Amino acid sequence: MDYTFNAIEAKWRQLWQERKTYQVTEDTTKPKFYVLDMFPYPSGAGLHVGHPLGYIASDIFARYKRLKGFNVLHPMGYDSFGLPAEQYAIQTGQHPAITTKENIARYRQQLDLMGFSFDWDREVRTSDPSYYKWTQWIFKQLFDAYYDLTLDKATPIAALISTFEKEGNLNVQAVHECQQHFDAPTWLAFSSAEKEAVLQQYRMAYLAESWVNWCPALGTVLANDEIVNGVSERGGHPVEQKRMMQWSMRIKAYAERLLEGLDRIDWTDALKEQQRNWIGKSKGSSVQFAVKDTDLQIEVFTTRPDTIFGVSFMVLAPEHPFVAQICAANQKEEVAAYQQQAALKTERDRQADVKNITGAFTGAYALHPFTGQEIPIWIGDYVLASYGTGAVMAVPCGDQRDYDFATHFNLPIPNIFADKDISEAAYAEKDAVIANSDFLNGLDAKAAMEKAIAAIEAKGIGQGKTNYRLRDAVFSRQRYWGEPFPVYYQDGLPQLVADDLLPVTLPDVDAYLPTEDGEPPLARAAKEAWSCQLGERMEYNTMPGWAGSSWYFLRYMDPHNQETFADPQKLAYWNQVDLYIGGSEHATGHLLYARFWTKALYDLGFIHFDEPFAKLINQGMILGKSAIAYVGPDQKMYSLDMLPANKEGFREVRILIDLLNDDESIQLDALKAWQPQYANQEFVCNAEGKVLVKREVDKMSKRWYNVVTPDDLCEKYGADTLRMYEMFLGPLEQSKPWDTKGITGVHGFLKKYWRLFHLNGQFEVNDAQPSPAALKTLHKTIKKLTDDLERFSFNTGVSSFMICVNELTEQKCNNRHILEQLTILMAPYAPHICEEIWSQLQPEASSIFTAEYPVFDPSYLAESTFDYPVSFNGKMRYKATLDLSLSIEEVQAHILEKPETQKWLEGKTPKKVIVVHGKIVNIVL
RNA sequence: GCGGAUGUGGUGAAAUUGGUAGACACGCCAGACUUAGGAUCUGGUGCCGAGAGGUGUGCGGGUUCGAGUCCCUCCAUCCGCACCA
């Protein structure tokens with residue numbers, strides 16, 4: 001009987017669905033386990049073989065845990081708001097909801113083909129109103145909260161308002177941007193507009209004018225993590241800095257807790273480092289410098305207060321608000337010109353221009369807080385408006401950028417380090433003894449740091465301070481295909497839409513473009529198109545892509561709840577995600593935002609954990625192997641081995657990899673049929689009449705014509721083969737190029753496994769006592785498999801199955817007990833074939849996934865002898881079989897008597913003999 | 001520049017605590033069966049060497065009876081961040 005994988009897989013896909021085999025409910029009699037995949041954005045291209053890699057791994061683990069007796073939550077859904085569907089809508093006029101629905105259907109079909117054990121009754125879609133209702137609701141909670149520093153947590157804003165009413169904000173310890181100080185009577189006298197203006201500076205979700213990344217090509221603002229190398233992540237368009245009124249999230253309030261939490265979760269060091277780096281904590285001090293002949297104080301942040309006596313000038317960001325006020329009359333023109341030129345540059349230009357030092361002198365001077373010395377104030381674009389205070393005290397002897405600036409503009413470079421040469425470059429190490437620095441002389445950096453901060457604080461001109469690179473996250477987008485805000489405007493003030501009016505659904509519009517006044521697309525919606533119309537107008541912005549993905553793992557716990565985002569008891573039962581598998585590209589986006597929202601929801605008492613993902617694994621990317629052909633100046637396509645030494649005039653073209661034969665030659669007729677430009681292509685073939693191509697590793701993508709889809713492979717080899725092959729490819733975390741060639745090995749293995757049951761053409765197992773050899777093979781495999789799964793080593797797991805089946809085939813094992821146990825072990829990896837075999841072994845069972853996982857018994861592996869490798873000076877020379885009951889001394893005596901030992905000793909007396917019991921013998925000559 | 005990771009056969013890789021380097025598989029070579037099949041089975045396969053043997057985990061050094069594994073220097077590749085004061 002043949003292994004008819006297509007029929008078997010289709011049969012079980014249907015039966016699992018009918019029997020709801022993977023449906024899960026809360027069950028307090030079992031320990032729970034939550035295995036989560038990063039849900040996909042359903043793009044039009046469908047899945048390629050790289051996408052399911054993580055899903056296969058998580059599916060194997062989820063099935064394994066289920067067999068081990070856990071109640072496993074393993075859901076899937078779609079991150080279905082996003083830019084591609086909207087851009088398709090702009091081009092075609094088709095509503096993004098339709099595109100999205102079609103893409104989801106295709107994704108579902110492909111996912112089903114792979115035989116995943118998702119509980120599809122729990123599916124969520126972020127673009128579904130029943131889902132984004134609760135995204136809007138969470139936004140409301142954040143709008144109605146502020147960060148209380150005394151309690152060190154997000155707290156309902158009502159508490160803050162009540163404090164304002166009693167005592168104003170004079171004693172309030174909170175994360176805010178409010179410059180005003182007021183007492184209770186002043187607060188009470190404020191108009192509602194004034195009150196709201198103040199509250200906006202405290203709210204966790206707030207509306208404020210701030211520096212944002214504006215992408216003119218996309219017509220929207222972007223968060224920092226949506227910008228890669230100075231251009232937009234989507235589309236690669238330039239991005240500029242612009243001051244705009246936007247919704248933001250006060251994630252900065254959580255900077256310290258986001259750092260601290262990393263110590264409590266099981267993520268890779270690389271990923272934790274990336275987040276630490278992004279949060280960018282630095283310790284130092286704020287210092288105020290008085291501007292000569294004015295009342296202004298320029299505040300700077302420095303990580304090196306110990307070098308304060310090395311300050312020889314100051315530099316402000318060109319956008320610094322003081323620039324206009326302090327600028328001397330004779331410098332106005334130069335400064336204005338510089339400001340203008342800096343504003344014209346995009347962030348990318350500024351970055352590309354690091355070596356080009358620019359700046360302008362304002363003509364103003366600051367006074368050194370300790371020496372009273374006059375310090376020239378410059379502006380320069382190496383100082384960023386959005387970091388620290390937008391101003392620096394320049395210490396050229398200790399900072400290379402200050403050094404370069406000083407050198408370029410011929411400013412003094414006083415040396416405050418004893419015995420350090422600064423004639424060529426700044427000395428940035430913190431190990432120099434401080435000199436020429438009044439009360440800091442003779443101190444090392446650490447002591448000087450403490451003393452300097454103390455002196456700064458004593459003078460009342462600053463204080464020890466911690467600064468973070470992390471900035472508040474811009475939360476509004478000028479796009480159509482996103483969550484509408486539950487916000488309207490009354491007297492120009494933002495107001496929340498009442499809970500019973502949620503969700504505010506996405507209104508239909510006539511076009512998916514901004515209006516002529518530059519308003520976002522939602523401004524096009526007719527009044528009646530909105531699900532509710534309040535105040536003067538609704539909010540026209542939509543939420544960013546990361547809004548829905550910041551909490552979806554919570555909704556899976558109770559996806560159909562109409563009363564709340566998830567039932568508290570269910571939240572308490574499922575708790576944290578135990579295992580999260582996904583790509584590392586979300587390190588500073590989704591993974592940070594999800595942690596932030598989790599902490600906020602925890603603070604506000606909605607959930608009982610403050611870290612969402614206890615363990616996280618990043619699967620590596622599967623790369624494609626592009627096929628590159630060479631077209632010569634004569635327009636003929638040359639075989640790789642027919643290329644001249646001088647390839648001048650040749651160009652490389654990528655061709656569809658499906659057009660290749662196994663020997664990497666092109667199917668010429670297929671190429672001609674592929675694209676019109678090749679219809680009459682001429683070739684320069686090699687001696688065998690073939691045109692060979694070069695293979696090169698690229699990202700797997702349609703544009704490189706190197707995509708391999710799971711569909712074709714499932715058709716040809718079956719999902720079980722594909723699942724095991726993807727795992728067999730290498731360690732999960734590693735990136736690796738896809739090569740379909742090796743798949744035959746895994747497919748052959750499954751056939752071999754199948755043959756164990758079908759020796760005589762039909763299904764047959766014997767019920768005799770298993771042989772000791774078979775038991776040993778089995779238990780060796782149980783141990784290896786379990787160890788491998790616990791450390792997520794799926795590739796070695798597949799090898800172990802191969803070894804096991806090879807050994808059982810050799811032993812001609814057809815024993816029921818052995819084969820049943822093996823089948824359970826293999827079921828997580830190859831669910832269809834194992835389920836089919838199980839239905840033969842246990843016809844009354846509904847599914848193999850209700851079976852019990854085999855238990856390892858070490859007694860079957862017990863050995864009485866051991867083949868000692870005998871090495872001389874660490875080099876293995878021969879093996880000696882000895883009884884394991886022998887003592888170390890006895891082993892040594894036996895070994896030394898062996899003729900092989902005498903041969904290798906060459907008459908010498910060993911200096912030393914090392915015996916490790918049951919491991920090795922080493923003789924030192 | 002800073003931070004992280006990785007370097008092992010022709011290829012994907014294994015070696016979990018310092019203890020037989022290359023498991024398992026692809027590919028390749030030889031053979032069997034067979035009225036071509038992309039089927040199955042057997043044997044071989046790190047490199048040098050006829051063999052004995054030598055040699056071998058990016059380079060160089062160190063610790064150790066013993067190093068792919070630990071330490072130091074350097075090199076290469078990949079990823080992240082980057083005028084962050």
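Quick caveat, the model's predicted, so the values are computed rather than measured. When reading the values below, keep in mind they use all heavy atoms of this one structure, side chains included, and skip hydrogens, waters and symmetry mates. Lettering follows sequence order; numbering is per chain, from 1.
The local environment of NE2 in A/H894 is sparse, with at most 12 non-hydrogen atoms from other residues, nucleotides or ligands closer than 6.0 Å. Taking a 6.0 Å sphere around CD of A/Q463, one finds it holds 12 or fewer heavy atoms contributed by other residues, nucleotides or ligands.
When distances are taken from the side chain of A/W904 to each of B/A13, B/C81, B/G54, the shortest belongs to B/G54. Nearest to the side-chain atoms of A/T744 among the listed nucleotides B/G53, B/A85, B/G27 stands B/G27. Comparing B/A85, B/G38, B/C65 by their nearest atom to the side chain of A/R401 picks out B/A85. Candidate nucleotides B/G80, B/A13, B/U40 were compared by shortest atom distance to the side chain of A/R755, and B/U40 ranks first. The side chain of A/P731 has B/A14 as its nearest neighbour among B/A85, B/A14, B/C81. You'll find that the side chain of A/Q274 is closest to B/G80, out of B/G80, B/G38, B/C65.
Where A/K625 and A/G745 each meet RNA chain B at their nearest nucleotide, the meeting point lying more 5' is that of A/K625. Each of A/D739 and A/E810 was matched to the nucleotide of RNA chain B holding its nearest heavy atom; the match closer to the 5' end belongs to A/D739.
Between the P atom of B/A14 and the CZ atom of A/F794 lies a distance of 14 Å, rounded to the nearest Å. The separation between A/F405 atom CZ and B/C83 atom C1' is 12 Å, rounded to whole Å. A/L729 has its CG atom 16 Å from the P atom of B/U11, to the nearest Å. In this structure, A/E733 atom CD and B/C79 atom C1' are separated by 15 Å, rounded to whole Å. The CE atom of A/M449 sits 12 Å away from the P atom of B/A85 (whole-angstrom rounding). The separation between A/D2 atom CG and B/U40 atom P is 11 Å, rounded to whole Å. Taking atom CG of residue A/D381 and atom P of nucleotide B/A85, one finds them 17 Å apart after rounding to whole Å. Across the protein-nucleic acid pair, A/D698 atom CG and B/C78 atom P stand 13 Å apart, rounded to whole Å.
Nearest heavy-atom pair, A/Y829 versus A/R723, reported as atom, atom and distance to 0.1 Å: O-NE, 2.9 Å. Of all heavy-atom pairs spanning A/C397 and A/I416, the tightest one is SG-CG1, 3.5 Å.
A/K784 comes within contact range of at least one nucleobase, with a heavy-atom separation under 4.0 Å. Residue contacts for A/K716: at a heavy-atom cut-off of 4.0 Å it reaches a base atom on one of the strands shown. Backbone-only engagement by A/S282 is indicated by non-hydrogen atom pairs under 4.0 Å involving sugar-phosphate atoms exclusively. Using a 4.0 Å heavy-atom cutoff across all strands shown, A/Q734 reaches sugar-phosphate atoms only and no base atom. As judged by a 4.0 angstrom heavy-atom cut-off over every strand, A/D269 is placed among residues making no nucleic acid contact.
Salt bridge annotation for A/D399-A/R401: present, with a cationic side-chain nitrogen under 4.0 angstrom from a carboxylate oxygen. With salt bridges taken as basic N to acidic carboxylate O contacts below 4.0 Å, none links A/K776 and A/E807. At a threshold of 4.0 Å, the pair A/E696-A/K625 does not count as salt-bridged, since none of the basic side-chain nitrogens sits closer than that to a carboxylate oxygen.
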When you check every protein heavy atom under 4.0 Å of nucleotides 19-24 of chain B, what one-letter string (B, S, -) results, 5' to 3'?
BB--BB
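Base orientation at B/G9 is syn, since its O4'-C1' glycosidic dihedral falls within 90° of 0.
Ring-plane geometry between A/H747 and A/Y717 is classed as perpendicular, the angle between the planes exceeding 60 degrees on a 0 to 90 degree scale with a lower cut at 30. Between A/F792 and A/F61, the ring planes are tilted. Angles from 30° to 60° get that label.
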What pattern of brackets, bars and dots sums up RNA chain B from 5' to 3', given Watson-Crick or G-U wobble pairs under 3.5 Å, [ ] for crossing pairs and | for another strand?
(((((((..(((......[....)))((((((.......))))))(((....)))..(.(((..]....))).))))))))....
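Here A/R877 reaches the OP1 or OP2 of B/G54: one of its side-chain N or O atoms lies under 4.0 Å away. OP1 or OP2 of B/U40 has at least one side-chain nitrogen or oxygen of A/K751 nearer than 4.0 Å. Applying the 4.0 Å criterion to OP1 and OP2 of B/A85, one finds that A/R469 has every side-chain N and O outside that range. Of the side-chain N and O atoms in A/K912, one or more sit less than 4.0 angstrom from OP1 or OP2 of B/C65.
The separation of B/G56 from B/G66, taken at their P atoms, amounts to 15 Å, rounded to a whole angstrom. For the C1' atoms, the distance from B/U35 to B/C26 is 31 Å, rounded to whole Å. Atom name P, nucleotides B/C24 and B/C41: the rounded distance is 15 Å, in whole Å.
Two rings, from A/Y468 and A/W278, have their centers 6.0 Å or more apart.
The CG atom of A/L53 sits 4.5 Å away from the CD1 atom of A/I622 when rounded to the nearest 0.5 Å.
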